[in-house]
Asks: 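First the structure, then my questions, so here it is.
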Amino acid sequence: MPHKDVLEIDTIYIDGRFVTPHGTELFDLHNPATGAVTGRVRLADEEDARAAIAAAKRAFPAFSRTGKAERIALLHRMADAVAERRGDLLDAVIEEYGAPVSRAAFMVDHPVNVLREAAELLGDYPFVRRMGTAEVSMEPLGVAGLITPWNSNAGFICGKLATAIAAGCTAVVKPSEMSARQTRIVTEALHAAGSAPGLFNIVTGRGDRVGAAITGHADVAKISFTGSTATGKAILRAAADTLKRVTLELGGKSPTVLLDDADLSRAIPLAVSAAFMNSGQACIAGTRLLAPRSRLAEIEALAKAAVEAVRAGDPRDPATTVGPMVSRTQWERVQRYIRIGMEEGAVLLAGGEGRPEGTEGWFVRPTLFTAVRNDMTIAREEIFGPVLSIIPYGDEEEAVAIANDTVYGLQAYVLSADAARARRVADRIVAGRVLINSLAHDPKAPFGGFKQSGIGREYGSFGLDAFLEPKTLLGEGV
Ligand code: NDP
C-alpha cells in the first residue's frame with residue numbers, strides 16, 4: 001500500500017477543466033529504480049472517454065476553421081508552457097519512468113521541439129493545391145484519438161497533439177497509466193497555454209476500457225497509436241467498423257548491418273548505442289547485429305567489452321546509460337526472453353538473467369548473445385530491453401536477406417567505411433528509415449514502418465497529411 005506522502009492524481013482533463021473521473025479504479029505508480037509505490041492515480045473509464053469525445057466534437061467546428069496564424073501561435077504557447085515545466089518533467093521522467101539523466105534531458109526537450117516543429121511545418125504546408133482543373137483542399141478529419149505508450153510519454157502526447165492541432169483536428173489523448181505523473185505535468189502546461197475548451201482532452205485510463213472506447217466510437221474520425229503490434233492490430237480491427245483513418249507506429253526488430261570494411265572502433269559503440277537506447281525500450285532499437293563471419297571473433301570481443309562497460313543502475317548517476325525497465329511486467333518479459341535465448345542455443349557473451357549487482361528495482365543486466373540464428377525467438381520478437389543479438393552472416397547478399405527476414409520494417413542501421421557501399425545496402429533494406437553510420441533523427445522526414453511495424457507515417461508533411469482528407473472542387477468558379 002502507498003504510504004501517506006505519495007502523489008495522488010485524482011483528476012482528468014475534459015473540456016478545458018480538470019475534473020474528477022467517473023471511473024473509480026485506483027492504480028499505483030512506482031519508482032522502477034526501487035520498485036516502491038510513489039503515487040496513485042484514479043483512472044478514467046468508458047463514460048469519461050465518451051465525455052471527452054463529446055467535448056472534442058463540440059470544439060471541432062470552430063477549431064477546424066481557425067487559420068494557420070492562430071494554430072501556430074497556440075503551438076508556440078504550448079511549447080513555451082511545456083518548456084517552463086522542464087524541471088518538474090525531468091524529475092518525473094527519472095522517478096516514474098527510470099530514464100537515466102543522460103536520456104532524460106532529451107525526453108523533456110523533445111516534447112517542446114515537436115510542438116515547435118509542428119508550428120514550422122504548418123507555416124509551409126499547402127492546404128490548397130491546384131491539380132489539373134481542380135482545386136484540392138486538405139480538410140481536417142475531425143476528432144482524433146491519440147493513444148500513447150510509456151516509453152516517451154511527454155514526447156508522444158505532444159507530438160501527436162501538435163500534428164492534430166496543426167491539421168485543425170481536436171483530440172482525445174489516452175496515455176499509459178504508468179506515466180500518470182508525467183501526463184499530469186504536461187496537461188497542466190498545455191492547459192496553461194490557453195486554448196478553446198474541448199480542443200484537447202486527456203483521459204488516463206486502461207487501454208482495454210478507455211482506449212477501446214475511443215477506437216470504437218463513431219464520433220472519432222482518426223486514431224494515431226504508438227505501442228505494441230498486437231494492440232495495433234486490435235485497434236485496426238476495432239476501427240474498421242466506423243472506417244476510421246488509422247496511423248499505427250508499432251514494434252521493430254531493427255537490423256544493424258555491420259559490413260566487413262567497417263572501422264570497428266566507431267561501429268561497435270554505435271551498434272551498442274543503437275541497441276540500448278532508451279534502456280532498450282525503443283521501437284527503433286537495433287537489436288539484431290549482423291556481423292560478417294570473416295571478422296566475427298574481433299566483433300564479438302569488442303562488443304562483449306562494450307556491453308560489459310555499459311552502466312545499468314541509478315538513473316541519477318550521469319554515468320548510467322541503461323535505467324530500469326518501466327514495470328515488473330516488462331522486467332519479467334525481458335528475463336523470459338533471456339532464458340529463451342539460452343534454451344534455444346544462443347551463446348551468452350555478457351549479462352544474462354537477474355539484476356545487475358547492487359540494484360533492487362527492475363534493472364536488467366545489459367545482455368549480449370552471439371551465434372544467434374535469425375529463426376530464433378530472440379531474433380524474431382521484440383524484447384524491449386537491453387538485449388543485443390549478434391547474427392553472423394557470410395556475404396553481403398546474405399546480410400541483406402537476413403536484415404529483411406523479419407515481420408517488422410521500422411528502422412535499420414548500416415555501418416561501413418565506404419559510404420557508397422553502405423548506401424547500396426541501405427537501398428535494399430525494407431524499412432521506414434535506414435541510418436548510415438549514424439543515429440541521426442530528422443523531424444522533417446517521415447517516420448514509421450513497413451510491414452508489421454505499422455501503417456502510415458508521423459512527422460513532417462506525411463505526418464500532417466495523415467490528419468487530413470483531400471477534398472476536390474471541380475466546375476464553375478473553381
Ligand atoms: P501496449 O501496446 O499494450 O500499450 C500502448 C498503449 O495502448 C497504452 O496506452 C495502452 O493502455 C493502450 N492500449 C492497450 N490495449 C488497448 C486497446 N485494446 N485499445 C486501445 N488502446 C489500448 O503496450 P504494453 O505497454 O503492453 O507493452 C508491451 C510491449 O509493447 C512492449 O514490450 C514493446 O514490445 C511494445 N511497445 C512498443 C512501443 C513502441 O514504441 N512502438 C511502446 C510501448 C510498448 P494500457 O497502458 O492501459 O494498457
Side-chain angles (χ1 to χ4, degrees), residues 23 25 27-29 32 41 43-46 48-49 53 96-97 107 110 145-153 155-157 159-160 172-180 182-183 202-217 220 223-241 244 246-254 277-285 287 325-337 362 364 377-378 380-387 407-411 432-433 447-449 452-456 458:
E25 184 183 347
F27 177 85
D28 283 344
L29 301 172
V41 55
L43 300 179
D45 66 8
E46 294 84 347
D48 297 308
I53 294 165
E96 182 180 63
Y97 173 59
M107 291 178 79
H110 179 65
L146 312 177
I147 301 175
T148 64
W150 37 262
N151 60 333
S152 184
N153 175 70
F156 287 127
I157 293 176
K160 289 185 194 297
V172 176
V173 187
K174 203 302 279 178
S176 165
E177 59 272 19
M178 279 188 279
S179 311
Q182 299 159 69
T183 298
I202 301 187
V203 278
T204 298
R206 290 197 183 275
D208 55 2
R209 301 194 63 181
V210 173
I214 295 171
T215 51
H217 202 291
V220 174
I223 298 287
S224 176
F225 168 78
T226 298
S228 65
T229 295
T231 300
K233 289 176 183 176
I235 287 176
L236 191 60
R237 278 190 286 268
D241 264 350
K244 292 185 202 331
V246 177
T247 300
L248 302 174
E249 200 276 278
L250 310 175
K253 197 70 206 175
S254 300
M277 64 169 85
N278 204 5
S279 307
Q281 299 175 132
C283 51
I284 53 174
T287 49
M325 302 295 92
V326 70
S327 63
R328 176 180 293 282
T329 308
Q330 197 61 29
W331 184 84
E332 281 165 359
R333 176 188 164 102
V334 178
Q335 299 297 318
R336 186 174 67 85
Y337 276 113
W362 300 321
V364 169
T377 306
I378 55 168
R380 302 214 73 80
E381 297 183 11
E382 185 172 55
I383 299 175
F384 233 56
V387 181
V407 298
Y408 295 113
L410 187 57
Q411 185 142 304
R433 275 192 182 188
F447 176 73
Q452 293 189 33
S453 285
I455 293 181
E458 298 192 277

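Bear in mind the structure is a predicted one, so any value in this text is a computation, not a measurement. When a residue number appears, it is its place in the shown sequence, counting from 1. When a ligand or atom number is given, it counts from 1 through the structure's own listing order. Any value given below was found using the heavy atoms of this structure, including those in side chains, with hydrogens, waters and symmetry copies removed.
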Asks: Heavy atoms of the protein only: does one fall short of 4.0 Å from atom 4 (O) of ligand 1?
Replies: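 False for atom 4 (O) of ligand 1.
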Asks: How far is atom 19 (N) of ligand 1 from its nearest protein heavy atom, and which residue and atom name does that atom have?
Replies: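 Residue, atom and distance for the closest contact: Gly207 O, 3.4 Å.
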Asks: Taking atom OG of Ser179 and atom CG of Leu29, what is their separation to the nearest 0.5 Å?
Replies: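 CG of Leu29 is found 9.0 Å from OG of Ser179.
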Asks: Answer yes when Lys253 and Glu381 have at least one side-chain N-carboxylate O distance shorter than 4.0 Å, and no when they do not.
Replies: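 Looking at Glu381 together with Lys253, the answer is no, because their closest N to O distance does not fall below 4.0 Å.
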Asks: Quick one: look at Gln281 and ligand 1, take heavy-atom pairs under 4.0 Å, and tell me if it's side chain, backbone, both or neither.
Replies: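 Neither; nothing of Gln281 gets under 4.0 Å from ligand 1.
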Asks: In terms of atom number and element, which parts of ligand 1 are under 4.0 angstrom from non-hydrogen atoms of Glu249?
Replies: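 Counting from 1, the qualifying ligand atoms are 41 (N).
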Asks: Would you say Gly205 touches ligand 1, if touching means a heavy atom closer than 4.0 Å?
Replies: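 In this structure, Gly205 qualifies as a contact of ligand 1 - some heavy atom is under 4.0 Å.
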Asks: How long is the gap from OG1 on Thr377 to CZ on Arg380, to the nearest 0.5 Å?
Replies: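 Reported value, rounded in 0.5 Å steps: 9.5 Å.
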Asks: For ligand 1, which atoms have a heavy atom of Ala212 less than 4.0 angstrom away?
Replies: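 Atoms satisfying the 4.0 Å criterion: 19 (N), 20 (C).
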Asks: Has ligand 1 got any nitrogen or oxygen that is less than 3.5 angstrom from a nitrogen or oxygen of Arg206?
Replies: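 Min N/O separation from ligand 1 is not below 3.5 Å for Arg206.
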Asks: Only heavy atoms count here, so choose which of Val210, Asn151, Ile383 is nearest to atom 40 (O) of ligand 1.
Replies: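 Heavy atom nearest to atom 40 (O) of ligand 1 belongs to Asn151.
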Asks: Do you know the tightest heavy-atom contact between Ser254 and Cys283?
Replies: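 Taking every non-hydrogen atom into account, OG-O, 4.2 Å.
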Asks: May I ask you to check whether over 12 heavy atoms, not counting those of Arg336, lie within 6.0 Å of atom CZ?
Replies: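 Correct, the count exceeds 12.
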Asks: Which atoms from ligand 1 have a heavy atom of Glu177 less than 4.0 Å away?
Replies: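 This gives 45 (P), 46 (O), 47 (O) as the contact atoms.
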Asks: Heavy-atom contacts with Glu382 under 4.0 Å: which atoms of ligand 1 show up? List them by number with element.
Replies: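 The atoms of ligand 1 under 4.0 Å from a heavy atom of Glu382 are 33 (C), 34 (O), 35 (C).
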Asks: Which ligand 1 atoms does Thr148 reach within 4.0 Å, using its non-hydrogen atoms?
Replies: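 Here the atoms of ligand 1 in question are 6 (C), 8 (C), 9 (O).
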Asks: Please determine which of Leu236, Thr229, Thr226, Ile147 meets the side-chain contact (heavy atoms from CB on, under 4.5 Å) test together with Leu248.
Replies: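 The side-chain contact (heavy atoms from CB on, under 4.5 Å) with Leu248 is passed solely by Leu236 among Leu236, Thr229, Thr226, Ile147.
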Asks: Supply the atom-to-atom distance Asn151 CG to Met325 CE, rounded to the nearest 0.5 angstrom.
Replies: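 Reported value, rounded in 0.5 Å steps: 11.0 Å.
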Asks: Polar-atom distance check: Thr215 versus ligand 1, any N or O pair below 3.5 Å?
Replies: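 Not met; the criterion fails.
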Asks: For atom 6 (C) of ligand 1, which of Tyr337, Phe225, Phe384 has the closest heavy atom?
Replies: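 Answer by nearest heavy atom: Phe225.
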Asks: Give the numbers and elements of all ligand 1 atoms closer than 4.0 Å to a heavy atom of Gly211.
Replies: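 Near Gly211, the atoms of ligand 1 are 19 (N), 20 (C), 21 (N).
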Asks: Side chain, backbone, both or neither: which part of Ile235 has a heavy atom under 4.0 Å from ligand 1?
Replies: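 Side chain only.
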Asks: Taking side-chain contact (heavy atoms from CB on, under 4.5 Å) as the criterion, tell me which of Thr287, Ile378, Val364 meets it with Ile383.
Replies: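 Testing each of Thr287, Ile378, Val364 against Ile383, the sole residue satisfying side-chain contact (heavy atoms from CB on, under 4.5 Å) is Ile378.
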Asks: Mind telling me whether Trp150 and Tyr97 have parallel, tilted or perpendicular rings, with 30° and 60° as the class edges?
Replies: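 The rings of Tyr97 and Trp150 sit tilted, inter-plane angle from 30° to 60°.
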Asks: Look at atom 1 (P) of ligand 1 and find which of Gly251, Pro149, Ser228 reaches it with the closest heavy atom.
Replies: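 Residue with the shortest heavy-atom distance to the ligand atom: Ser228.
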Asks: Rounded at 0.5 Å granularity, tell me how far CD in Gln330 sits from CH2 in Trp362.
Replies: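 Between Gln330 CD and Trp362 CH2, I get 11.5 Å after rounding to 0.5 Å.
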Asks: Atom 11 (O) of ligand 1: which protein heavy atom is closest, and how many Å away?
Replies: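 Protein heavy atom at minimum distance: Lys174 NZ, 2.8 Å.
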Asks: Please indicate whether any nitrogen or oxygen in Trp150 is less than 3.5 Å from any nitrogen or oxygen in ligand 1.
Replies: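 Yes, since at least one N or O of Trp150 sits under 3.5 Å from an N or O of ligand 1.
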Asks: Measuring from Ile223:CD1 to Thr215:OG1, what's the distance to the nearest 0.5 Å?
Replies: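 Here the rounded value is 5.5 Å.
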Asks: Hey, is atom 15 (N) of ligand 1 touched by any protein heavy atom at less than 4.0 Å?
Replies: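 Given the 4.0 Å limit, the answer for atom 15 (N) of ligand 1 is yes, a protein heavy atom qualifies.
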Asks: Rounded to the nearest 0.5 Å, what's the gap from CZ on Arg206 to NZ on Lys174? Could you check?
Replies: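 So the gap between those two atoms works out to 9.0 Å.
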Asks: Check contact between Ala234 and ligand 1, using heavy atoms of the residue and a distance below 4.0 angstrom.
Replies: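 Contact check Ala234 vs ligand 1: negative.
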Asks: Check the side chains of Ser152 and Asn278 for a donor-acceptor pair under 3.5 angstrom, ignoring hydrogens and angles.
Replies: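 No.
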Asks: Purely on distance, is any nitrogen or oxygen of Cys283 under 3.5 Å from one on ligand 1?
Replies: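 In this structure, Cys283 places no N or O atom under 3.5 Å from an N or O of ligand 1.
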